[in-house]
Each structure stands twice: as C-alpha cells, then as structure tokens.
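Each remark here refers to the structure printed beneath this line.
Numbering of ligands and ligand atoms starts at 1, following listing order.
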Amino acid sequence: MLLNQIEEAVEFIRSKHYVKPDAGIILGTGLGGLVNDIHITTTISYKDIPHFPVSTVESHEGKLIMGKLGGKEVIVMQGRFHYYEGYTMQQITFPVRVMHGLGIDKIFISNAAGGLNPNQKVSDLMILNDHINLLPEHPLRGKNEASLGPRFPDMSKAYDAEFIQLAKNIASKNSIRIHEGVYAAVQGPTLETKAEYKYISIIGADAVGMSTIPECIVARHMDMRVFAISVITDLGVEGSIKETSLEDVIQAASIAEPNLTLIIKELIALTC
Ligand code: HPA
C-alpha cells in the first residue's frame, strides 16, 4: 500500500521532471525565500501529486519546486505538513518517502522555533545536533516496510556530524551567529506556557517547535543523511518571554532567512 503510493507519486513527479535530484529541502514557516535563489525548471502543486496531502496553513504554500541551487539539482518542499493540522504522521512524512524514491539520500530541513537557551537572540540560527520527540504519535508506528528500513532504527546519529561541522564553518566564514543544540517537537498549535518552556528546557532542549522530527525520523529510517536548522523566532527563556503571534514568527524568520539560505546553499554545493 505505502510502497504503491510512493511509487505512484514518484512516477508522477518523474513524468514532469526527469532529472535525478541531488538533495531534498524542506522549508519552514517564513523561510520560503530560498526558492528565489533557485533556477526553477518545474513547479508542481501538492494537490496534483498522487497521495500528497494538501497544505492548510496560510503561511505555507503547498508546492514542490525543482531546479538548480548552487549548481546542484534540488527538490524543495515549499510548505510542509504539521501534526496540528490534523494529518497523520504517515501523511506528514510521505513527501520524505517520495524524495527517497526519487533517489535523494540527503535532506536539508529548516524550521521556526522558540529559543530556550539564554545565549540565543531572536532571529539567531541554531543547527540541530539532536532532538527530543514529544509528539504524541510516531511516524513508524504500525507495520514496518522492511524494504524501506529496519523495525528499530538507530537514532544515535540522527543529524549528520559532517554536515554540522561544514555548516558551522560556513557560518563562521560569513560571520553568521550560529548555535548548535537540541530541538524538541511538540504538537501545538498553542505556543508554550511559561511553565512548559521551562519544562522543555529542563529536560534538555535548546529550542522547541512543531515539526522536523517526524521528517528526520523517516529519513533516518531510510538511512538518508539529515541536516536541520532552526530560526529562533521567539524566546522561551524566563524573563524574556513575550506574547508572540504568527506575524512575529514570520517577521523574525524573514530577518534570518538570507543567512539560512546562504548556509543551506553552500552546504549543498559542498556535500551533494
Ligand atoms: N514554540 C513552539 N513552536 C514554535 C515556537 C515556539 O515558541 N516558535 C516558533 N515555532
């Protein structure tokens, strides 16, 4: 069932764009600007792709964009699916299965997140070096498809160490403030209470958001290499917590967006 659905989506995309992509990219809230740097050859609406869910959040455009970025063939998800929208974890992660089916073995993920580390400022970037999954459902729950990956995937190397090091080098070369840390995912759609921010910080997270972990898990299930980076759009640090709206998140993300684009673009040029 899942395999057939993946195959149908893959065949459809190949019929529109036959070039084998070098990398997959998932863009987070307010972080769609990377697309302006792509020499676009093909754009496909999610609604046209067999078995693809359709995006419901206004700030997310639901399009698959294909073309060249930094000399490499990329396939970009402009708009992703979140658990709070009502999708199942299998729906949320289906596009990652399809990217893998298209021959991609490296995925680059961005997101907007609340910062929990006192060293962070709004619009800073944080490279993920680990995660804590607080989402209430698991994308690998249910029958395991052995041809895709193992029943009990190892997660001790969830985020690729070489990608992290190279991204830090790129940031330092370009004088971009960068953090590295642990991302926790919650279901949302509410942002956290002060007590929840404190709790998530105490259990070991440096940032909190509502995405990325399902995609990372499914990518690692298929042994894809994963790079993920957060834009800190608001602070969950005691004393710095302010009321935050979606507009605030998008505004903070847009400030960081050029630096994020630069890092992902150079990283892809170096590794893909
Ligand atoms: N919490 C959860 N998700 C988020 C936040 C936050 O503070 N900011 C952006 N996404």
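For the residue pair D206/H179, the side-chain donor-acceptor check at 3.5 Å is not satisfied. No side-chain N or O of D37 forms a donor-acceptor pair with one of T261 less than 3.5 Å apart. With 3.5 Å as the limit, one finds a donor-acceptor pair spanning the side chains of H221 and N144. Side-chain N/O atoms of Q165 and N169 include a donor and acceptor closer than 3.5 Å.
Scanning the protein for heavy atoms near atom 5 (C) of ligand 1, the closest one is G114 N, 3.4 Å. When hydrogens are left out, the protein atom nearest atom 8 (N) of ligand 1 is D234 OD1, 2.7 Å; that is the closest non-hydrogen contact. When only non-hydrogen protein atoms are considered, atom 3 (N) of ligand 1 lies nearest to G209 CA, 3.4 Å. Nearest protein heavy-atom neighbour of atom 4 (C) of ligand 1: V208 O, 3.7 Å. Counting protein heavy atoms only, atom 2 (C) of ligand 1 is closest to E192 OE1, 3.2 Å.
Listed by number with element, the atoms of ligand 1 under 4.0 angstrom from any heavy atom of A113 are 5 (C), 8 (N), 9 (C), 10 (N). Counting the atoms of ligand 1 from 1 in the order shown, those under 4.0 Å from a heavy atom of M210 are 2 (C), 3 (N).
The pair D22-K72 does not meet the salt-bridge criterion, since no charged nitrogen lies less than 4.0 angstrom from a carboxylate oxygen. A salt bridge links D223 with R220: at least one charged nitrogen is closer than 4.0 Å to a carboxylate oxygen.
Comparing I232, V231, T233 by heavy-atom distance to atom 9 (C) of ligand 1, the nearest is T233.
Residue A112 places a heavy atom under 4.0 Å from ligand 1.
Using modelled atom types, one side-chain atom of Y46 and one backbone atom of G79 make a donor-acceptor pair closer than 3.5 Å.
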